[in-house]
J.: 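Got a structure for you, questions after.
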Amino acid sequence: MAGKIILISGATRGLGRAMADEFVRQGHIVLGCGRSQNGIEQLRRHFGSPHDFSVVDVASDDEVKAWASRLLGAYAPPDLVLNNAGVINRNARLWEVPEREFSQVIDVNIKGIANVIRHFVPAMVKRKRGVIVNFSSGWGRSTDAEVAPYCATKWAVEGLTQAFAQELPSGMAAVALNPGIINTDMLQSCFGGSASDYPSATEWARGAVPFLLKLGPGDNGQQLTAPGG
Ligand SMILES: NC(=O)c1ccc[n+]([C@@H]2O[C@H](COP(=O)([O-])OP(=O)(O)OC[C@H]3O[C@@H](n4cnc5c(N)ncnc54)[C@H](OP(=O)(O)O)[C@@H]3O)[C@@H](O)[C@H]2O)c1
């Protein structure tokens, strides 16, 4: 399993950062992105070459296009794409969510995934190899008050993933993943103080990374839940 190329969107914090640590620890090459310049510089200093970290907003098709073009020129196509980058609305009833914030959640959580797929997957399809994991949520399969925009996007991720899975050649897979409930900035935003009752991203990644590395063509189209959340 060693030496796989793992693409992670949203690698600067939370689950993405913890997965980067664990994949590198296990001998894989991580190509990651995030919006925060500081976060990316810190990743570069921490991991160095051959790992690669870029400031990219996945909601920008142009930025994702340039990112993919540079990486696909320098590395083989990814073995595993983790569409992990995501945002949640501040807890609020739907009619209180400003239009701008609603659009941001849609642009990152849905269009961000489509942008990454648009620019990285053709190279993977060409060699008929690779797995794409689209990060969903428990709120992609159930709902709660005050997170309607987020729920809408994660239910969309489930539908998008199942349709996309039907388009892939045999040898590849796309899955929707509910990571579980993990104490990250995002969980603190929606759960407040009780977020600390849940496992840390580092603890979670120890179980999730081996699980992700085992995914293959037989999983195509599945709605999965990661262990340890
Ligand atoms: N934590 C949980 O319990 C939980 C439960 C269910 C689902 N999830 C899902 O798991 C994924 C990771 O969540 P998390 O808890 O780790 O969240 P988090 O702690 O808020 O981290 C989100 C990551 O995504 C990046 N990001 C956000 N918007 C981005 C954009 N437009 N372009 C590029 N990167 C972007 C952030 O970096 P920058 O700020 O540097 O851009 C950060 O690295 C999300 O898809 C989330 O919906 C999490």
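Both ligands and their constituent atoms are indexed starting at 1 by order of listing.
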J.: Can we say D21 and R17 salt-bridge, meaning some charged N sits less than 4.0 Å from an Asp/Glu carboxylate O?
T.: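 Counted as a salt bridge, because a side-chain N and a carboxylate O are separated by less than 4.0 Å.
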J.: Between D107 and R100, is there a salt bridge with N-O shorter than 4.0 Å?
T.: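 Judged by the 4.0 Å cut-off on N to carboxylate O distance, R100 and D107 do not form a salt bridge.
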J.: What protein heavy atom lies closest to atom 26 (N) of ligand 1? Include the residue and the distance to one decimal.
T.: A85 CB, 3.9 Å
J.: When you measure from atom 2 (C) of ligand 1 to each heavy atom in I182, N115, I40, which option holds the nearest one?
T.: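 Looking at heavy atoms only, I182 sits closest to atom 2 (C) of ligand 1.
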J.: Could you check whether E41 and Q37, counting side-chain N and O atoms only, form a donor-acceptor pair closer than 3.5 Å?
T.: yes
J.: Grab the two heavy atoms, one from V56 and one from C33, that are nearest each other, plus how far apart they are.
T.: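 Minimum heavy-atom separation between V56 and C33: CB-CB, 3.8 Å.
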J.: For ligand 1, which atoms sit closer than 4.0 Å to a heavy atom of V87?
T.: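 This gives 27 (C), 28 (N) as the contact atoms.
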J.: What distance separates R90 CZ from S189 OG, expressed to the nearest 0.5 Å?
T.: 9.0 Å
J.: Polar-atom distance check: G10 versus ligand 1, any N or O pair below 3.5 Å?
T.: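 Such a contact does occur with ligand 1.
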J.: Would you mind listing which atoms of ligand 1 come within a distance below 4.0 Å of any non-hydrogen atom of L187?
T.: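 Listed by number with element, the hits are 3 (O).
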J.: Given side chains that start at C-beta, do those of P149 and E101 come closer than 4.5 Å, heavy atoms only?
T.: no
J.: For atom 14 (P) of ligand 1, what's the nearest protein heavy-atom neighbour? Residue, atom name and distance, please.
T.: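 Here the nearest protein heavy atom works out to T184 OG1, 3.7 Å.
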J.: Assess the side chains of Q162 and E158: does a donor N or O sit below 3.5 Å from an acceptor N or O?
T.: no
J.: How does L15 reach ligand 1, by side chain, by backbone, by both or by neither, if only non-hydrogen atoms under 4.0 Å count?
T.: both
J.: Quick test: of every protein heavy atom, which one is nearest to atom 17 (O) of ligand 1, and how far off is it to 0.1 Å?
T.: M186 CB, 3.5 Å
J.: Test V30 against every option in V24, L43, I5 by the side chain to side chain contact (heavy atoms under 4.5 Å, CB included) rule and name the one that passes.
T.: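 The option that passes is V24.
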J.: Checking a contact table here: which protein heavy atom is nearest atom 31 (N) of ligand 1, and how many Å away?
T.: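 Protein heavy atom at minimum distance: D57 OD1, 2.7 Å.
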J.: Check each heavy atom of T12 against ligand 1 and say whether those closer than 4.0 Å belong to the side chain, the backbone, both or neither.
T.: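 Contact part for T12 vs ligand 1: both backbone and side chain.
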J.: Around atom 29 (C) of ligand 1, find the nearest protein heavy atom and jot down its residue, atom name and distance.
T.: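 Of every protein heavy atom, R35 NE, 3.4 Å lies nearest to atom 29 (C) of ligand 1.
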J.: Can you sort out which atoms of ligand 1 are near D185, meaning under 4.0 Å from one of its heavy atoms?
T.: 19 (O)
J.: Ligand 1 and I181, any nitrogen or oxygen pair closer than 3.5 angstrom?
T.: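 Checking ligand 1 against I181, no N or O pair falls under 3.5 Å apart.
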J.: Between S136 and L177, is there a donor-acceptor pair closer than 3.5 Å when you use the side chain of the first and the backbone of the second?
T.: no
J.: Go through ligand 1 atom by atom and flag the ones less than 4.0 Å from a non-hydrogen atom of S137.
T.: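 Result: 6 (C), 7 (C).
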J.: Counting both backbone and side chain atoms, is some N or O of S36 under 3.5 Å from an N or O of ligand 1?
T.: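 Checking ligand 1 against S36, an N or O pair does fall under 3.5 Å apart.
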J.: Looking only at protein heavy atoms, which one is nearest to atom 33 (C) of ligand 1, and what is the separation?
T.: V56 O, 3.2 Å
J.: Looking only at heavy atoms of S136, does any of them come nearer than 4.0 Å to an atom of ligand 1?
T.: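 In this structure, S136 qualifies as a contact of ligand 1 - some heavy atom is under 4.0 Å.
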J.: So which protein heavy atom does atom 22 (C) of ligand 1 come closest to, and at what separation?
T.: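 That would be G86 O, 3.8 Å.
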J.: For Y150, state whether at least one heavy atom is located under 4.0 Å from any atom of ligand 1.
T.: yes
J.: Determine, using heavy atoms of P179 and all atoms of ligand 1, whether some pair is separated by less than 4.0 Å.
T.: yes
J.: Counting distance only, does the side-chain N/O of N183 pair as donor-acceptor with the main-chain N or O of P199 below 3.5 Å?
T.: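 Such a contact is absent between N183 side chain and P199 backbone.
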J.: Quick check on G180 - does any of its heavy atoms sit under 4.0 Å from an atom of ligand 1?
T.: yes
J.: Please confirm whether the backbone N or O of A195 pairs with a side-chain atom of Q188, one donor and one acceptor, at under 3.5 Å?
T.: no
J.: Applying the side chain to side chain contact (heavy atoms under 4.5 Å, CB included) criterion to L215, which one of V133, N220, I132 satisfies it?
T.: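 Among V133, N220, I132, the one that satisfies the side chain to side chain contact (heavy atoms under 4.5 Å, CB included) with L215 is V133.
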J.: What protein heavy atom is closest to atom 39 (O) of ligand 1, reported as residue, atom name and distance in Å?
T.: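 Result: R13 NH2, 2.7 Å.
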J.: Can you find a heavy atom in the side chain of T184 that is under 4.5 Å from one in the side chain of Y198?
T.: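 Side chain of T184 against side chain of Y198, heavy atoms only: no contact under 4.5 Å found.
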J.: Are any of the N/O atoms in N84 less than 3.5 Å from those in ligand 1?
T.: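 Yes, at least one N or O pair falls under 3.5 Å.
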J.: Do I88 and V147 come within less than 4.5 Å of each other through their side chains, counting heavy atoms only?
T.: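 Of all side-chain heavy-atom pairs linking V147 with I88, at least one is under 4.5 Å.
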J.: If you measure from each non-hydrogen atom of K154 to ligand 1, which part falls under 4.0 Å: side chain, backbone, both or neither?
T.: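 Side chain only.
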